[in-house]
Structures are given as C-alpha cells and as structure tokens.
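Chain naming here is simple, since letters A, B, ... match the order of the sequence lines and numbering starts at 1 in each.
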Amino acid sequence: MIDPRILRDEPDRVRAAQAKRGLSAEVVDRALAADSARRTAIATFESKRAEQKTLGAQIPKASPEEKQELLAQTKALAAEVKEAEAARTAAEEEWNGILKEIPNLAADEAPAGGEDDFAVIEHVGTPRDFAAEGFEPRDHVELGQLLGAIDLERGAKVSGSRFYFLTGIGAQLELALVTMAMDQARAAGFTQVIAPSLVRPRAMDGTGFLGQAADDVYRIEGEDLYLVGTSEVPMAAYHSDEILEESSLPRRYAAFSPCFRKEAGSHGKDTKGIIRVHWFDKVEMFVYTTLEESYAEHERLLAWEKEFLDKLELAYRVIDVAAGDLGLSAIRKFDCEAWIPTQGKYRELTSTSNCTEFQSRRLDIRGRAAGADGKVRPVATLNGTLTAVTRAIVAILETHQQEDGSVRVPEALRPYLGGLDLIKPV
RNA sequence: GGAGGCGUCGCCUAGUCUGGUCUAUGGCGCCCGCCUGCUAAGCGGGUUUGGGGCUACAACCCCAUCGAGGGUUCAAAUCCCUCCGCCUCCGCCA
C-alpha cells in the first residue's frame, strides 16, 4: 500500500498518479473520508477505554458500598466501550480496504498510458536475417520436436492445453539455464534459494496478486493455499513481520521455483508452443534494500538480466513499461524482450520491477536505521527475472537454429551441457 | 492422521494453578554517560512495536500490544473456545 501520509498531505499527487495509469481518482476522496472517519472512531474508543481503565482500577481499593456504585458505572461503560471498539474496527477495515485499492505511485520516468505506450530504451544485438542466409526459420514447436526437446502432445494429453514435457536435450537445457543463472547470481553475491510455490493468502495478497490479478491465480481446493505465479511471492513474504537492520541491506536472493498461471483472458493468444503456459520454472532475483538505494538497485537488476541475455547471444530490446501496465505494486518496470524470428516480434523474456515500500507496508517488513536513533521504516523490495526457462528455450532454439534443424549452443551455455556446441535432430 | 506439551517487549527468563499493587521480573546483548594512560572491568541511565491527540513528523499525554482471533468478566499474560506455529511420542510415507 502507499504511504498514508502522502494520501493525507498530497492527495493531488495521488490523483495525478491515478490519471497517469488511466484510473479514476474517485478512490482518493473515498480514502480521505474513510481516514477521517477512522480517526474519529479511534478517538471515541480511546477516551471511553481510558475512562473504563481509570474506574476499574478503583474497584479493588473501594469500600463495599462504593464498590457497588462503581460496579454499576463500569458495567454500563463496558457496553459503550465494546460498541466503540466495534465501530473503530469497522472504520479501520473500511480504511484499509480502500487504501489497498490504490496502486503504487508510478515513477515520474514511467511513460503515461497503457500496454502499448511503453518507451523503448535500447536495442541490443541485431535480429538474424534468415532471408539473407537463404532459409526459412522453423518455429520452436517444430524445432522442439525435431530435437526431441519439447513434447506438447503428451503435455496436453496428461495435463491439458498449455502444458508440455521437456525431454532429452530439452530437460538438459532447463537444468543448464537454471544452473547458469544460479552461478551468475551467486557470483554477484546473491543467496540462492529454493522457494515454496504454495503460499498462504497473506503472501499472495501482500505482494498484490489478489487484486485485479486474482483471476490469474490458482487456488487449492479445500485449502487456504495458492500456487504462486512467481517466486517473488514467497520471497517477498520471506521477511514479513520482520525488522531488518539496514546495515544488513541490500539482501539479495536468487530463488528458483515453478510458476503457475491460469492465463485467464488470454484465450487464443500464443496457443502454440511454450510461450504462454500454465506452468514453467524460473529463477527470480529478489532484493530488499532502502528506498534511497532502490532506484540504483533497479538499474543493477536490469544489468544482471542483460548480462544473462547477452550470454545467450540473443537480440533484444529493453522497454520502460507504461504506468497503466505496471501492476499494483511497481512504480517502474523494465522488460527485456527478445527477438523471436518466426513471430517477427520482440517478446518478453525477463522483467524487473521496483516496488518501493508498497509490498513492505502490506507485509510488515521494516528496516532499522543504523545509529542511536535507530528509526524504523518500511524497506524497499525489487524483483527481476534471471531466467524464465520456457521463454529462454524458445528464444535460444529459434535464434540459433541452422538450416538442417540443428541448433548452435551459445558459448556461455556449453559448459553447462557438457561442452556440447551443437544440438542435433534426433 | 492420533495423543500430549509449549508459544512473554532482540535472546534467555519470572509471572499463568490462586484474574485487580503486572505501569510485565531478572539476566545477556545493545545505546548514552561517568570513571580510567588505552582497553576490559566497575558505576548510573536508557532500550518492543503499532496507532491516536498535540505538534517542529521534537517533547509530552493517551490507546493497543504477552503467537493470532473470538468469548467470559467491572477488570484477562492469567479462565474458556477456535486457529497458527514449534517440540515429543505413535501411525503412515518420498
């Protein structure tokens, strides 16, 4: 959630932020009204409660006849306190509910508008010119079949549409990519983590995925558990309800977990292949740091993502995602989109977000400043994809394919495949 | 899955049976100061978090906070219920 002080002191800033995302500002007025109602309710309850405490303290010391009198008084008061408390609780819930509807305030640098209003920051590498090379590239579905790497038919048979088996060199590719990602992360000082992919509502809600995105989340029947769509969820909740020494920041984690997405509302999109699936594995970077450091850290996360894509020798562009497409939590988001030859487009391979204090406020993750004053305040959280396995495989197969259907292995990946430099059709 | 035990303000801990003087004890750690060639020791003080009021977002006052949420009561760390977590034993299992 956003800082309530900003809402109170600079409501116009919040209104402007809503407009930038293409959302109504009406929520701001509802929030302000709920805030003042809440404060009134708190004051009422607290004065009643204080009175009750004062009277109650006199009872054990009172003489028998005074005691009767006091008991009668406090008994009546007890009912009023109870009522005032219920009113306070209701007012606080109302306020919290409204506050949680407000997305994080987009950064000034983030372009205004929706999905198509992104700004291209840079292009890295040049898409291969298959026409000049004189052959028609095969798509990853065909290549996956030729190489014995991806089995979509059996994926559908066993689990349904948007599922797959990675087999043979496909399975090896996943393990190679994950290990390479983990090695890079460790070298950069990250703590490697294998994270749970089933979480409680608190974790899901705290990261902002039970808002508008709730349709995309799998729930476990009969249990209070959700399947995560990214290890951002368990990693954000990892330090929930904790106070971290700011001297211990940044805390950098590289977490591996499967990711599950319903892909509701994407019927007809990317129906072929493994571009858009209900399950895939991912190595995600997750960082806790201070608000001041978060902006520079965001750039670092982007740099680490680029380093990984560079090692895969892919052509890609980096975009600055528009405000309306940031999701609830982020103030700014960079996507790295790799060139997919058979689609003739750039497709998202990785994404990094600065969520500032938004998730920390919801999950109660605070930092204590160094020194005698030791102020406690929310920390900033950031996340970034190191590798989303399925899309990385799509980009590698399509980009590095040869006319005969074999695929050249990028230099950096070879050590992770036992030195293999060419994947040949089976 | 079954039976039992436990959960106190960073860590350890007193308090729970017998509800009110608990405004939660003591130790360790940490912070500030004193003392001291320096360090250690010693001495004195401070040290949960969230919220509200008032304000300079200070000081101060108040409310809540003893795993979480309900209940009983004039009054709950203390009694009752539900949930969560940890531990022990049994069963099952990769």
Next on the checklist: At less than 4.0 Å, is any side-chain N or O atom of A:R377 found next to OP1 or OP2 of B:C57? Yes or no.
Outcome noted: no
Next on the checklist: Quick check: on RNA chain B, is the nucleotide nearest A:Q52 upstream (toward 5') of the one nearest A:D35, or the reverse? Name the residue that is more 5'.
Outcome noted: A:D35
Checklist entry - Counting only side-chain N and O atoms of A:R366, is one of them less than 4.0 Å from OP1 or OP2 of B:U49? => result no
Checklist entry - So A:H278 and A:F163, would you call those rings parallel, tilted or perpendicular, with 30° and 60° as cut-offs? => result tilted
Next on the checklist: Nearest whole Å is fine: how far is B:U72 P from A:K75 NZ?
Outcome noted: 12 Å
Checklist entry - A:E242 has an atom CD; how far is it from atom P of B:G85, in whole Å? => result 17 Å
Checklist entry - Roughly how many Å is it from CD in A:E245 to P in B:U47, rounded to a whole number? => result 18 Å
Checklist entry - Please give, in whole Å, the distance from B:A75 P to A:E85 CD? => result 11 Å
Item to check | Derivation and outcome, side chain to side chain donor-acceptor pair (under 3.5 Å), residues A:S329 and A:N104 | outcome: CA-CA 5 Å; A:S329 304; A:N104 206 348; over 6 Å; no
Next on the checklist: What's the gap between B:G70 and B:G15 when it is taken at their P atoms, as a whole Å value?
Outcome noted: 29 Å
Checklist outcome for this item: In 5'-to-3' order, the base (B), backbone-only (S) or no-contact (-) status of each nucleotide in nucleotides 60-66 of chain B, using a 4.0 angstrom heavy-atom cut-off, is --BBS--
Checklist entry - For atom C1', what is the distance between B:G26 and B:G19, given to the nearest Å? => result 24 Å
Next on the checklist: Using the salt bridge (Lys or Arg N to Asp or Glu O under 4.0 Å) criterion, which residues pair with A:R49? Sequence neighbours excluded.
Outcome noted: none
Checklist entry - Atom CD of A:E92 and atom P of B:G69: how far apart are they, to the nearest Å? => result 12 Å
Next on the checklist: Could you check whether A:T230 and A:K282, counting side-chain N and O atoms only, form a donor-acceptor pair closer than 3.5 Å?
Outcome noted: yes
Next on the checklist: Please tell me whether A:Y253 and A:Y238 form a close aromatic pair, meaning their ring centres lie under 6.0 Å apart.
Outcome noted: yes
Next on the checklist: With rounding to the closest Å, how many angstrom separate the C1' atoms on B:G10 and B:U49?
Outcome noted: 12 Å
Checklist entry - Under 3.5 Å, is there a donor-acceptor pair between the A:T289 and A:E297 side chains? => result no
Checklist entry - Any idea how A:F260 and A:Y218 line up, ring-wise: parallel (<30°), tilted (30 to 60°), or perpendicular (>60°)? => result perpendicular
Checklist entry - Considering Watson-Crick and G-U wobble pairs with both distances under 3.5 Å, what does B:A3 pair with? => result B:U88
Next on the checklist: Taking only the C1' atom of each, what is the distance from B:G29 to B:U13 in whole angstrom?
Outcome noted: 14 Å
Checklist entry - If you measure from the C1' atom in B:C89 to the same atom in B:U18, how many Å do you get, rounded? => result 32 Å
Item to check | Strand partner of B:U16, provided both Watson-Crick or wobble distances fall under 3.5 Å | outcome: none
Checklist entry - Looking only at atom C1', what distance separates B:U23 and B:A77, rounded to whole Å? => result 14 Å
Checklist outcome for this item: As its Watson-Crick or G-U partner within any shown strand, both distances under 3.5 Å, B:A64 has B:U49
Checklist entry - Where the side chain of A:I243 is concerned, which of B:A75, B:U49, B:C84 is the nearest nucleotide? => result B:U49
Item to check | Among B:G52, B:G85, B:G71, the nucleotide that comes nearest once only the side chain of A:R200 is considered | outcome: B:G85
Checklist entry - Starting at CG of A:D9 and ending at P of B:U55, how long is that distance when rounded to a whole Å? => result 15 Å
Checklist entry - How would you label the contact of A:K375 with the nucleic acid (heavy atoms, under 4.0 Å): base, sugar-phosphate, or nothing? => result nothing
Next on the checklist: For a quick check of understanding: with a heavy-atom distance under 4.0 Å over all strands, which category does A:R202 fall into, base, sugar-phosphate or nothing?
Outcome noted: nothing
Item to check | Any side-chain donor near an acceptor of the partner, A:Q359 and A:T207, under 3.5 Å | outcome: no
Checklist entry - When the C1' atoms of B:A75 and B:U21 are considered, how many whole Å apart are they? => result 14 Å
Checklist outcome for this item: note: A:L7, atom CG; B:C57, atom C1'; distance rounded to Å ~ 17 Å
Checklist entry - Should A:K48 and A:E80 count as an ion pair when the cut-off is N to O under 4.0 Å? => result yes
Item to check | Per A:I42 side chain, nearest of listed nucleotides B:C74, B:U49, B:G51 | outcome: B:G51
Checklist entry - Counting any heavy atom closer than 4.0 Å, what does A:R8 reach on the DNA or RNA strands: base, sugar-phosphate only, or nothing? => result sugar-phosphate
Item to check | Any strand: nucleotide that pairs with B:A41 via Watson-Crick or wobble, under 3.5 Å | outcome: none
Next on the checklist: Suppose you measure atom C1' in B:A68 against the same atom in B:G85; what distance do you get, rounded to whole Å?
Outcome noted: 10 Å
Checklist outcome for this item: Atom CD of A:E93 and atom P of B:G69 are separated, to the nearest Å, by 12 Å
